[in-house]
Amino acid sequence: MELSTKYNPAEVEDKWYAYWTDHKFFHSEPNEKEPYTIVIPPPNVTGILHMGHVLNNTLNDVLIRKARMDGKNACWVPGTDHASIATESKVVAKLKDMGISKDSLTREEFLKYAWEWKEEHGGIILKQLRKLGASCDWDRTRFTMEPELSEAVINTFVYFYKKGWIYKGVRMVNWDPEALTAVSDDEVIHKDTKSHFYHLRYYISDGQGNPTDKYLVIATTRPETIMADAAICVNPADERHHWLRGKKVLIPLINREIPVIEDDYVEMDFGTGCLKVTPAHDVHDYEIGLRHNLEVIDIIDDHGRLNEKARILVGEDRFVARKKIVKMLEEAGNLEKVEEYTSPVGYSERTNAVIEPKLSAQWFLKMEELAKMALDTVESGRTRLIPDKYMNTYRHWMENARDWCISRQLWWGQRIPAWYLPDGRIVVEPSAEAALKAAQAIDPNIKMEDLKQDEDVLDTWFSSWLWPISVFDPQKPGHPEHEPNADLAYYYPTNDLVTGPDIIFFWVARMIMAGEEFMGKEPFSNVYFTGIVRDKIGRKMSKTLGNSPDPLDLIAKYGADAVRIGMLLCSSAGNDIFYDESQVEQGRNFCAKIWNSFRLVKGWTVDPAAQPSEAAAAAVKWFGSKLNQAVETVEDHYSKFRISDALMTIYRLFWDDYCSWYLELVKPAFGEAIDAQTYDATLSFFEALIKLIHPVMPFITEELWQQIRERKEGETIMYAPSPKAEAYDAALLADFDIAMETVVGIRGIRNQKGIAPKEALDVLVDGSFPMAMAPVVEKLAIVSLSEGDAEGKTGASLVVKTCKVFVCLKVNVEEEIARLKKDLAYQQQFLAGVRKKLSNENFVAHAPEKVIEMERKKESDALSRIESYEAALKALEG
RNA sequence: GAGGGUAUAGCUCAGUUGGUUUAGAGCGCUUGCUUGACAGGCAAGAGGUCUUCAGUUCAAAUCUGAAUAUCCUCACCA
């Protein structure tokens with residue numbers, strides 16, 4: 001088969017991905033081998049691939065491919081998340097385009113549209129992952145809202161309810177008036193927003209509901225909520241306001257009478273020291289209200305408009321009402337002054353609407369016990385966080401975990417399995433039938449139509465926290481006593497989880513909770529936190545900024561392997577990633593390098609009768625050792641999840657050691673053939689190298705692996721065993737380093753001086769130079785020096801820096817003398833430093849033997865260098 | 001406001017329980033190369049008082065404290 005001059009990723013990628021899936025290479029079933037399991041962090045079913053996914057899934061794929069080649073039974077379970085809020089808002093938007101409003105539909109009708117939308121647009125991301133080369137077991141693809149997994153969620157709810165950990169509470173929630181749903185605290189973005197501080201006069205009541213001429217002044221940013229005021233609050237220690245004790249004041253415009261109360265919450269030096277208490281519309285006010293038994297008057301409806309309880313401005317949007325009421329207050333003489341003011345305001349993450357604090361009945365899951373368990377899992381080391389700097393954060397969160405609000409005012413999701421009896425009592429059961437039975441146990445006359453199911457659905461995280469269990473055995477969550485099925489028994493606990501640190505609490509901690517509760521075992525041994533992908537200037541990738549490239553475009557332009565490399569190159573664990581396209585370019589260049597090196601080797605003709613040259617024989621011996629050493633290093637990096645270091649080690653091994661040194665050494669002269677022995681070794685090395693790098697660059701390695709030698713149908717590099725680290729000859733590596741240094745020195749001199757003598761090179765060697773390396777130096781140095789000539793330089797000999805090989809070159813004597821003098825001075829200074837250290841009694845007394853030896857070696861090295869330089873100087877001057 | 005992370009070359013990062021480094025790598029930069037695989041390449045080179053100050057130690061990029069900068073999480077003030 002002919003190799004094209006240029007590597008064409010697109011051709012190769014489709015071909016091999018199809019080959020892999022056709023042969024079901026990604027598929028795993030329980031067997032006698034050791035399992036290695038990863039569950040995908042399920043992306044939103046409606047999501048499309050972004051750079052964060054690329055990073056995450058590349059890392060996952062590297063780990064899974066590595067494990068597969070290491071002989072483990074590797075299983076990577078893919079799937080998607082129903083993402084209730086995101087999906088529902090997309091469906092609502094789509095319906096709006098079609099001229100349908102959500103309000104006009106029944107729940108069933110809406111869900112029908114939603115499922116249609118899901119079938120049509122869902123799971124695109126899973127197809128995109130294939131382009132990346134993700135080796136997921138597609139037969140195991142799961143969706144958090146498929147019937148079995150939904151059942152698991154419902155069972156879990158029933159389980160915790162019956163355990164007494166789920167309760168219904170009235171809480172202040174963050175209401176999104178656009179999405180018409182409560183959003184969690186975590187989905188609220190606080191942004192400093194310019195607004196006004198309105199100073200309002202509240203006149204003291206004469207007792208009959210008429211204003212006196214005395215008044216107090218409060219400062220508020222939300223004048224439209226004054227109709228919901230339940231009290232005016234001052235700090236009891238604030239003497240300025242003691243005259244108000246026991247007084248009542250009138251709300252402007254509507255003249256409703258409210259009391260003046262005292263509470264420590266009020267800060268004396270903020271605003272006017274008087275606070276209007278609006279329990280229905282502010283979290284703190286609600287708490288004050290609880291303490292003082294204040295009435296809760298809710299004057300804002302779900303859409304953010306004033307309702308009839310406001311008595312005035314009914315039906316107006318809250319922001320319109322604000323403008324209007326300010327005018328009214330001004331006209332009524334209640335507006336004392338207006339200040340410019342910047343304060344943090346909560347916005348909905350999804351719709352960017354200003355969050356309205358609102359009282360609402362919600363379902364909660366108690367966190368206390370679960371958090372305690374989850375903290376222990378990590379503190380005991382059964383689950384390791386990588387990097388471990390996240391331990392502190394994790395502990396802090398677990399120790400301060402607030403109860404989890406698990407209900408969402410949406411339709412897309414698992415509907416809460418709670419049924420209300422006509423008298424308001426609640427039964428919680430996995431099905432309507434079971435609920436009816438339970439209800440009839442309370443009241444035998446209850447019929448199905450008397451029962452009303454809760455309208456809300458469960459938080460999406462309430463299904464994804466079961467993910468590592470439910471993808472294998474959906475019967476298990478909610479049934480701790482259930483005997484795990486074969487899959488769950490074999491694959492659980494999973495090994496590693498790769499995810500972003502932003503969901504450590506939403507998802508990671510909660511999976512640990514569910515794992516401990518239902519399996520009595522942590523769901524994974526290691527959690528590897530990636531960084532957040534940012535652009536070159538450090539901004540988060542976002543659609544609005546338009547600074548996120550489309551990964552598919554990148555793959556089309558550079559190839560999937562290149563994109564994977566580009567992502568990994570800059571990704572040390574836990575640090576944010578500054579993405580720059582030049583890194584992908586580097587990845588592409590690496591592909592080209594691999595490709596071209598293979599073209600070179602494949603292009604050689606082999607002479608079975610020929611014998612290896614001395615240089616080639618030395619090179620083969622050396623690279624064998626070098627390879628083993630590198631494999632050892634790479635294994636070490638992997639074991640510590642230092643993936644980019646592992647990649648870098650292989651990158652340099654391939655590029656510098658194999659291509660720049662090894663291939664140059666074994667390369668036959670133009671027109672000549674290579675001996676069979678060296679050729680075989682060269683191919684074997686190449687094969688080992690591409691196996692090493694395969695987890696990172698799956699496509700090009702499969703292509704070349706197939707071409708190295710004849711392969712049978714159904715063979716794949718994916719299951720070729722990883723190169724194992726064998727013993728290597730450290731002395732040989734050290735000797736070769738000297739040879740390389742020598743060659744570099746020779747090249748350096750040539751380049752620096754701009755000379756390239758025609759004369760053959762004389763290599764004069766003294767006793768300390770490793771003689772076996774002479775052919776190596778000779779071959780490479782001659783190549784380096786065989787070209788060109790310098791003009792008008794006079795020749796003499798000089799010393800190459802560190803080793804004692806004398807090379808005859810033409811150089812400018814004076815320049816060389818100056819350079820040598822400079823080097824000599826530096827070495828003398830260095831020697832003095834080392835000697836000072838060695839003469840320090842304390843150093844000799846305390847430092848480990850190894851360190852002292854090191855210093856002695858430095859001393860003798862410096863000495864011998866000084867000697868060489870002096871000798872060379874003498875020769876040049878003389 | 002509370003807690004946490006980070007600070008090393010122009011950029012992105014290593015530096016593995018203080019001595020194995022005269023502080024390394026990749027990219028970028030400069031210079032020279034139409035060198036029979038590769039200009040997506042080859043070769044050479046420049047570039048860092050390890051943010052600052054103080055402390056512990058025979059010894060600090062590494063440990064401690066403070067300052068400064070920056071990022072993240074949580075809470076958010078009428």
Side-chain angles (χ1 to χ4, degrees), chain A residues 3 5-7 185-186 190 197 218-222 233 265-267 270-278 282-285 341 343-346 387 389-393 395-397 400 402 501-502 504-505 532 536 538 558 562 569-572 574-580 582-583 585-586 588-604 636 640 642 644-645 648-649 651-652 659-660 663 667 670-671 744 747-752 754 783-784 786-788 826-827 829-830 833-834 837 840-848 850-855 857-858 862:
Chain A
L3 272 182
T5 339
K6 290 241 185 235
Y7 172 54
D185 289 349
D186 318 295
H190 291 274
F197 220 9
I218 58 102
T220 180
T221 52
R222 299 203 60 189
C233 191
Y265 170 76
V266 180
E267 280 176 37
F270 190 86
T272 61
C274 295
L275 170 71
K276 76 185 204 54
V277 183
T278 319
D282 184 279
V283 185
H284 295 105
D285 291 12
Y341 184 64
S343 65
V345 172
K389 68 182 181 190
Y390 286 109
M391 264 302 302
N392 285 332
T393 323
R395 187 182 305 110
H396 191 250
W397 272 338
N400 298 289
R402 299 164 68 187
D502 44 338
I504 184 170
F505 183 63
I532 295 163
K536 216 182 167 181
Y558 296 104
L569 274 176
C570 55
S571 68
S572 49
N575 287 331
D576 282 359
I577 286 147
F578 294 85
Y579 167 79
D580 182 38
S582 71
Q583 290 147 200
E585 268 176 49
Q586 197 187 338
R588 177 207 49 191
N589 295 352
F590 188 39
C591 289
K593 187 72 185 176
I594 295 176
W595 187 259
N596 285 319
S597 64
F598 187 68
R599 281 176 55 218
L600 171 69
V601 174
K602 266 289 170 178
W604 288 337
D636 184 54
K640 292 170 185 157
R642 300 160 69 129
S644 62
D645 287 344
M648 212 54 225
T649 306
Y651 180 93
R652 294 178 59 198
C659 294
S660 297
L663 288 182
K667 190 194 258 179
F670 184 62
V744 167
R747 284 178 189 161
I749 290 154
R750 175 202 171 214
N751 207 293
Q752 225 170 40
V783 169
S784 302
S786 59
E787 284 303 310
Y826 181 83
Q827 286 300 327
Q829 200 190 346
F830 176 65
V834 173
K837 204 168 185 183
N840 181 332
E841 281 171 32
N842 282 319
F843 172 74
V844 179
H846 294 276
K850 227 162 77 181
V851 175
I852 294 171
E853 258 172 50
M854 207 60 222
E855 293 298 319
K857 187 165 178 298
K858 278 186 197 167

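- Annotation for A/Leu569 and A/Met648: closest pair CD2-SD, 3.9 Å, computed over non-hydrogen atoms.
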*Would you write the dot-bracket representation of RNA chain B, where each base gets (, ), [, ], | or . depending on whether it forms a Watson-Crick or G-U pair under 3.5 Å and with which partner?*
(((((((..((((.....[....)))).(((((.......))))).....(((((..]....))))))))))))....
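- Using a 4.0 Å heavy-atom cutoff across all strands shown, A/Thr220 reaches sugar-phosphate atoms only and no base atom.
- For A/Leu663 against A/Ser597, the heavy-atom pair with the smallest separation is CD1-CB, 4.0 Å.
- Counting to the nearest Å, the P atom of B/C38 and the CH2 atom of A/Trp604 are 14 Å from each other.
- Partners of A/Trp604 according to the ring-ring contact (aromatic ring centres under 6.0 Å, His included) rule, which considers only residues two or more places apart in sequence or in another chain, do not exist here.
- For the pair A/Asp282 and A/Phe830, nearest-nucleotide mapping onto RNA chain B gives the more 5' position to A/Phe830.
- Distance from the side chain of A/Thr393 is smallest for B/G4 among the nucleotides B/G4, B/A37, B/C77.
- Remark: the separation of the P atoms in B/U52 and B/G40 is 40 Å, to the nearest Å.
- Residue contacts for A/Gln829: at a heavy-atom cut-off of 4.0 Å it reaches no nucleic acid atom on any strand shown.
- Ring-to-base geometry places A/Phe670 in a stacked arrangement with B/G36 (centre distance under 5.5 Å, plane angle under 30°).
- Across the P atoms, B/A25 and B/A43 are found 15 Å apart, a figure rounded to whole Å.
- When the side-chain nitrogen and oxygen atoms of A/Lys593 are compared with OP1 and OP2 of B/C42, one or more of them lie within a distance under 4.0 Å.
- Comparing the same atom, P, in B/C29 and in B/G5 gives a spacing of 37 Å after rounding to whole Å.
- Each of B/G19, B/G40, B/A37 was ranked by its minimum atom distance to the side chain of A/Val851; first place goes to B/G19.
- Spacing between atom NZ of A/Lys389 and atom P of B/C72 amounts to 13 Å, rounded to whole angstrom units.
- When rounded to the nearest whole Å, the span between CZ of A/Arg222 and P of B/C77 equals 11 Å.
- Looking at the side chain of A/Lys276, the nearest of the listed nucleotides B/C77, B/A78, B/G40 is B/A78.
- Not counting sequence neighbours, A/Phe830 has no partner by the ring-ring contact (aromatic ring centres under 6.0 Å, His included) test.
- Among the heavy atoms of the strands lying under 4.0 Å from A/Val266 is at least one base atom, whether or not backbone atoms are also near.
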Check the interface with nucleotides 57-64 of chain B: list each N/O to N/O pair with the protein under 3.5 Å, or write none.
| unit_1 | atom_1 | unit_2 | atom_2 | d |
| --- | --- | --- | --- | --- |
| B/C58 | O4' | A/Asn842 | ND2 | 3.4 |
| B/C58 | O2' | A/Asn840 | ND2 | 3.2 |

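- Residue A/Arg402 has a polar side-chain atom (N or O) positioned under 4.0 Å from OP1 or OP2 of B/A75.
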Tabulate protein N/O versus nucleotide N/O from nucleotides 15-18 of chain B, keeping only pairs under 3.5 Å, one per line.
| unit_1 | atom_1 | unit_2 | atom_2 | d |
| --- | --- | --- | --- | --- |
| B/G15 | OP1 | A/Arg642 | NH1 | 3.4 |
| B/G15 | OP1 | A/Arg642 | NH2 | 3.2 |

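- In this structure, NE2 on A/His846 lies 10.5 Å from CD1 on A/Ile852, to the nearest 0.5 angstrom.
- With P as the reference atom, B/U20 and B/C63 are 16 Å apart, rounded to whole Å.
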Check nucleotides 26-29 of chain B for protein N or O atoms closer than 3.5 Å to its own N or O atoms and list the pairs.
| unit_1 | atom_1 | unit_2 | atom_2 | d |
| --- | --- | --- | --- | --- |
| B/G26 | O2' | A/Gln586 | OE1 | 3.3 |
| B/G26 | O2' | A/Gln586 | NE2 | 2.6 |

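- Between A/Trp595 and A/Thr5 there is no side-chain heavy-atom pair separated by less than 4.5 Å.
- B/G26 and B/U62 have their C1' atoms separated by 23 Å, with the value rounded to a whole Å.
- Here the side chains of A/Phe197 and A/Thr220 are not in contact, with every heavy-atom distance at 4.5 Å or above.
- Closest non-hydrogen pair, A/Lys837 versus A/Phe843, comes out as O-CD2, 3.4 Å.
- Between the CH2 atom of A/Trp397 and the C1' atom of B/A2 there is a distance of 14 Å, given to the nearest Å.
- Here B/C77 presents its P atom at 11 Å from CZ of A/Phe197, a figure rounded to the nearest Å.
- Distances shorter than 4.0 Å separate none of the side-chain N or O atoms of A/Asn596 from OP1 or OP2 on B/G40.
- Between A/Phe590 atom CZ and B/A37 atom P there is a gap of 20 Å when expressed in whole angstrom units.
- Rounded to whole Å, the separation between the P atoms of B/A75 and B/G3 comes to 16 Å.
- A/Cys591 comes within 4.0 angstrom of no nucleic acid atom, judged by non-hydrogen atoms across all strands.
- Remark: P of B/G36 and CG of A/Leu663 are 16 Å apart, rounded to the nearest angstrom.
- The P atoms of B/C42 and B/U35 are separated by 13 Å, rounded to the nearest whole Å.
- As rounded to whole Å, 10 Å separates atom P of B/G4 from atom CZ of A/Arg395.
- If you check every strand for non-hydrogen atoms under 4.0 Å, A/Lys858 touches sugar and phosphate atoms only.
- Here the straight-line distance linking atom NZ of A/Lys602 with atom CZ of A/Arg599 works out to 14.0 Å at 0.5 Å rounding.
- Between B/G47 and B/U30, the distance separating the two P atoms is 16 Å to the nearest Å.
- A residue-by-residue look at A/Lys6 and A/Ser597 shows that A/Ser597 has its nearest nucleotide of RNA chain B further toward the 5' end.
- Among the nucleotides B/G40, B/U20, B/A78, the one closest to any side-chain atom of A/Lys850 is B/U20.
- Remark: the backbone N or O of A/Thr278 is not paired with any side-chain donor or acceptor of A/Asp282 at under 3.5 angstrom.
- Across all strands shown, A/Arg599 has heavy atoms under 4.0 Å from sugar-phosphate atoms exclusively, and none from any base.
- Remark: A/Lys850 does not engage A/Glu853 in a salt bridge, criterion side-chain N to carboxylate O under 4.0 Å.
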